[in-house]
Chemist: 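Here it is, the structure in full.
Along the sequence shown, residues carry numbers from 1. Below, all heavy atoms of this structure are taken into account, side chains as well, without hydrogens, waters or symmetry copies.
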Amino acid sequence: ALTVAPPPPRLFVLDGNTGTAKTELLSRTAALGHQVIDLEGLANHRGSLFGHRPGGQPGQKAFDGRLAVLLAALDPARPVLVEAESSRVGALMLPKQLWAAMGVAPRLNIAAPLMARARYLGQAYADLTVDPARLAAIIDSLRPLHPADRIEGWQAAAAAGDFVELAAGLMRDHYDARYEKHRAR
């Protein structure tokens, strides 16, 4: 586990439901010269069940090393923006110090209507839509959590290429409720 550098003292967490373009906002903020910690970028994972990226994830030690280098380069006098994540990004664990700091840091909450988020995700996850078998397998992995008719509806939307409807259903019936439960804790 990473213990090389403490989390930055002026940490702010960018929060919002799935599809509010948090990662894109983080990237644009960095491009403007502001300090960011892009945990999903370091982990090469979008932080969800659908988050796999080409090339796979680095090992835990490589992730910790990348994060340590980034933390050491931050100016402690300037604010740092990080996207809200669970204690894991894909298979990688966040350092306990950083996770604890994120839990008490001020949050910047982003909100957007469901259908706007669904349209955004249809574009942002276009790489996933080109592999129907993989997409179907990921949807099937949700069977223990949802009624069969809901899973079949998601599978039908995926098979028909209606990725906006698929994204809307997944957010409405799976992700949004879980985010709210997590935030309440």
Chemist: Honestly curious: do I138 and L121 fall in one hydrophobic cluster under the side-chain, below-4.5 Å linking rule?
Modeler: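 Same hydrophobic cluster.
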Chemist: About how many Å separate CG of L14 and CD of E85, when rounded to the nearest 0.5 Å?
Modeler: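 Output value for this atom pair is 10.0 Å.
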Chemist: Test of understanding: clusters of I, L, V, M, F, W, Y form through side-chain heavy atoms closer than 4.5 Å, transitively. Do L128 and L142 belong to the same one?
Modeler: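 Yes; L142 is reachable from L128 via cluster members.
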Chemist: When you measure from the side chain of Q155 to the backbone of I139, do you find a donor-acceptor pair of N or O atoms at a distance under 3.5 Å?
Modeler: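 Checked: no pair found.
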Chemist: Do F12 and V36 have side chains that get closer than 4.5 Å, going by heavy atoms?
Modeler: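 Not touching, per the 4.5 Å side-chain cut-off.
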Chemist: Starting at NE2 of H45, measure out to NE2 of H52 and round the result to the nearest 0.5 Å.
Modeler: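 That separation rounds to 8.0 Å.
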Chemist: How long is the span from the CD1 atom in I110 to the CG atom in L25, to the nearest 0.5 Å?
Modeler: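 One gets 4.5 Å once the value is rounded to the nearest 0.5 Å.
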Chemist: Quick one: does R117's side chain get under 4.5 Å of T20's, heavy atoms only?
Modeler: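 Heavy-atom side-chain distance check passes, below 4.5 Å.
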Chemist: Among T29, V13, D38, exactly one meets side chain to side chain contact (heavy atoms under 4.5 Å, CB included) together with L81. Which residue is that?
Modeler: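 In the set T29, V13, D38, the residue that makes a side chain to side chain contact (heavy atoms under 4.5 Å, CB included) with L81 is T29.
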Chemist: Salt bridge or not between E152 and R143? Use side-chain N to carboxylate O under 4.0 Å.
Modeler: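 A salt bridge is present here (some side-chain N lies under 4.0 Å from a carboxylate O).
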Chemist: Within a strict 4.5 Å, meaning less than it, do heavy atoms of the M102 and L98 side chains meet?
Modeler: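 Yes; the side chains approach each other to less than 4.5 Å.
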Chemist: Kindly indicate whether the side chain of M171, heavy atoms from C-beta on, has any atom under 4.5 Å from the side chain of N17.
Modeler: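 Contact flag for M171/N17 side chains = no.
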Chemist: Is a donor on one side and an acceptor on the other found under 3.5 Å between the side chain of R107 and the backbone of D15?
Modeler: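 No, because the side chain of R107 does not come within donor-acceptor range (under 3.5 Å) of the backbone of D15.
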Chemist: For A168 and A118, work out which heavy atoms get closest and say how close.
Modeler: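 Minimum heavy-atom contact is N-CB, 3.7 Å.
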Chemist: Kindly work out whether a path of hydrophobic side-chain contacts (I/L/V/M/F/W/Y, heavy atoms less than 4.5 Å apart) joins L94 to L67.
Modeler: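 Yes, it is one cluster - the side chains of L94 and L67 are joined through contacts under 4.5 Å.
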Chemist: Side-chain contact test, heavy atoms from C-beta onward, threshold under 4.5 Å: evaluate it for L166 versus L135 and give yes or no.
Modeler: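 Yes; the side chains approach each other to less than 4.5 Å.
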Chemist: Decide whether L92 and L71 are clustered together by the hydrophobic rule: side chain heavy atoms of Ile, Leu, Val, Met, Phe, Trp, Tyr closer than 4.5 Å, transitively.
Modeler: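 Same hydrophobic cluster.
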Chemist: Please answer whether the main-chain N or O of E40 pairs with a side-chain N or O of R46 as donor and acceptor at a distance below 3.5 Å.
Modeler: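 No.
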Chemist: List the atom of F63, the atom of M93, and the distance in Å for their closest heavy-atom pair.
Modeler: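 Shortest heavy-atom contact: CE2-O, 3.6 Å.
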Chemist: Looking at V130 and P132, what are the two nearest heavy atoms and their distance?
Modeler: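 What the structure gives for the nearest pair is O-CD, 3.4 Å.
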Chemist: Step by step, work out the side chain to side chain contact (heavy atoms under 4.5 Å, CB included) result for D127 and T129.
Modeler: CA-CA 6 Å; D127 61 303; T129 64; over 6 Å; no
Chemist: About how many Å separate CG of D149 and CD1 of I151, when rounded to the nearest 0.5 Å?
Modeler: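 Between atom CD1 of I151 and atom CG of D149 there are 9.5 Å.
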Chemist: Answer yes when K61 and D64 have at least one side-chain N-carboxylate O distance shorter than 4.0 Å, and no when they do not.
Modeler: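 Looking at D64 together with K61, the answer is no, because their closest N to O distance does not fall below 4.0 Å.
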Chemist: Under the 3.5 angstrom rule, does the side chain of K22 hit a backbone N or O of A84 as a donor-acceptor pair?
Modeler: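 Checking the backbone N and O of A84 against the side chain of K22, no donor-acceptor pair under 3.5 Å is found.
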Chemist: So how far is it from H174 NE2 to S48 OG, rounded to the nearest 0.5 Å?
Modeler: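 Atom-to-atom, H174:NE2 and S48:OG are 8.5 Å apart.
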Chemist: Any non-hydrogen side-chain atom of L170 less than 4.5 Å from a side-chain atom of F50?
Modeler: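 When only atoms from C-beta onward are counted, F50 and L170 do touch, with a gap below 4.5 Å.
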Chemist: Looking at every non-hydrogen atom in both residues, tell me the closest pair between L11 and I37 and how far apart they are.
Modeler: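 That closest heavy-atom pairing would be CD1-CD1, 4.3 Å.
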Chemist: Which heavy-atom pair separates S86 from W99 by the least distance, and what is that distance?
Modeler: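 Between these two residues, the closest heavy atoms are C-CZ3, 3.4 Å.
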Chemist: Specify the closest pair of heavy atoms between P76 and L74, including all atoms of both residues, with the distance to one decimal.
Modeler: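 So the two residues come closest at CD-O, 3.3 Å.
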Chemist: Are any side-chain N or O atoms of Q57 and backbone N or O atoms of A91, one a donor and one an acceptor, separated by less than 3.5 Å?
Modeler: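 Between the backbone of A91 and the side chain of Q57 there is a qualifying donor-acceptor contact (under 3.5 Å).
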Chemist: State, with a plain yes or no, whether a side-chain heavy atom of L49 is found less than 4.5 Å away from one of Y175.
Modeler: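 They are in side-chain contact.
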